[in-house]
Structures are given as structure tokens and as C-alpha cells.
Amino acid sequence: MKIAMGNDHTAIEMKNEIKAFVEGMGYEVLDFGTNATESCDYPKYGEEVGRAVVDGKADLGIAICGTGVGISLACNKVKGVRACVCSEPYTAKLSRMHNDSNVLCFGARVIGVEMAKMITEEWLKASYEGGRHQRRVDMLAEIENRC
Ligand code: RB5
């Protein structure tokens, strides 16, 4: 299973920690950067992660910026992406189970590495439940197609 990862300059250290953690769980990581410390623009990396997921190059994505907000907005501009900013594991787990989230985002300036690992683990271990949730996920896609 492949995980696309992307981040801006605020989150290089966090990305590297989470990348090693995810690889340790047995996943392959496609790292879209940035790996340069110069200030950069999160939309580029969010789009790359989102595209990798919807194009099927990766199964899921993890995108990190200072707060997780900017990069999640960029991911969500890619049709078919359901990116969620999570600062604790409960939301992360439920975002997979109920919302079929396909990109996990968090803020390198908001949470610590150990919390980020716990969030990532719960998110990766959870599965989409389908059933009654599918109608709502379909409604999200319908909004995306109509607006
Ligand atoms: C960069 O300064 C910061 O704005 C960015 O990492 C992110 O937090 C935006 O949402």
C-alpha cells in the first residue's frame, strides 16, 4: 500500500518523522516534498498529494503544513479528495470510518510528533464502514460535481 506525503517548509522535520513511522508500519511512501528549508507555498504540495491519490498512484495521502489548514484546502480542491485536518486520534479514526477520508492533514506547529504518530496510526488502521455513510459521501461528490 502506498502513501503520498507532502508538506511545506514548516513541516519537514515532522514529515520525516511520520514518513519513517509510516514506513515502519509497512507502507511505501511517495514523498512529494518539500525537502528544502526555504519558505514555499503549501498549495503546490497539497495538489500533488491530492492528485497522487485520485490518480491511483497512491492509496492514501498525508499532508502537513503549519496548521494543516492551508494544505488541506489545497488537497480538497482536487476532485475526489476528502482531506481532514486532525489534531487528535478520535477524529482521525472516525474520518476514515464515516467520511472515507483519503488524505490526513495536521499542523506541524500545532501538535507534537508523538501525537502525530498516534493520529497517523489510528487513521491508517481504520477502514471505511460504508453502509449509511455511503449516501452522505455520495452527496459530497454530488456537491463537488454541481458547484
Ligand atoms: C506558513 O507560514 C503557514 O502559513 C503554512 O504552513 C500553513 O500553516 C497554512 O495554512
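Starting from 1, each residue takes its place in the sequence as its number. Counting starts at 1 for both ligands and their atoms, following the listed order.
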A student checking ligand 1 against Cys65 at a 4.0 Å heavy-atom cut-off should list atoms 6 (O), 7 (C), 8 (O), 9 (C), 10 (O)

Nitrogen or oxygen of Asp8 less than 3.5 angstrom from that of ligand 1:
yes

Indicate yes or no: does an N/O atom of Val69 lie under 3.5 Å from an N/O atom of ligand 1? no

Item to check | Test item: Leu30 and Ile3 side chains (from C-beta on) under 4.5 Å apart, heavy atoms | outcome: no

Donor-acceptor side-chain pairing of Tyr128 and Gln134 below 3.5 angstrom: yes

Report task. Indicate whether the side chain of Asn99 and that of Ser101 have a donor and an acceptor atom separated by less than 3.5 Å. Result -> no

With heavy atoms and a 4.0 Å threshold, my read on which part of Thr67 contacts ligand 1 is both

closest protein heavy atom to atom 2 (O) of ligand 1 is Arg109 NH1, 3.5 Å

Q: Could you check if a side-chain atom of Tyr27 sits within less than 4.5 angstrom of a side-chain atom of Leu60, using non-hydrogen atoms only?
A: no

Gly66 heavy atoms within 4.0 Å reach ligand 1 at atoms 5 (C), 6 (O), 7 (C), 8 (O)

For Tyr45 and Gly33 the tightest heavy-atom approach is CD2-O, 3.3 Å

Can you confirm whether some protein heavy atom lies under 4.0 Å from atom 10 (O) of ligand 1, or whether none does?
yes

closest protein heavy atom to atom 4 (O) of ligand 1 is Tyr42 CE2, 4.5 Å

| request: Applying side-chain contact (heavy atoms from CB on, under 4.5 Å), run through Arg82 and Val137 and close with a yes or a no. | output: CA-CA 9 Å; Arg82 290 174 299 281; Val137 172; 4.1 Å; yes

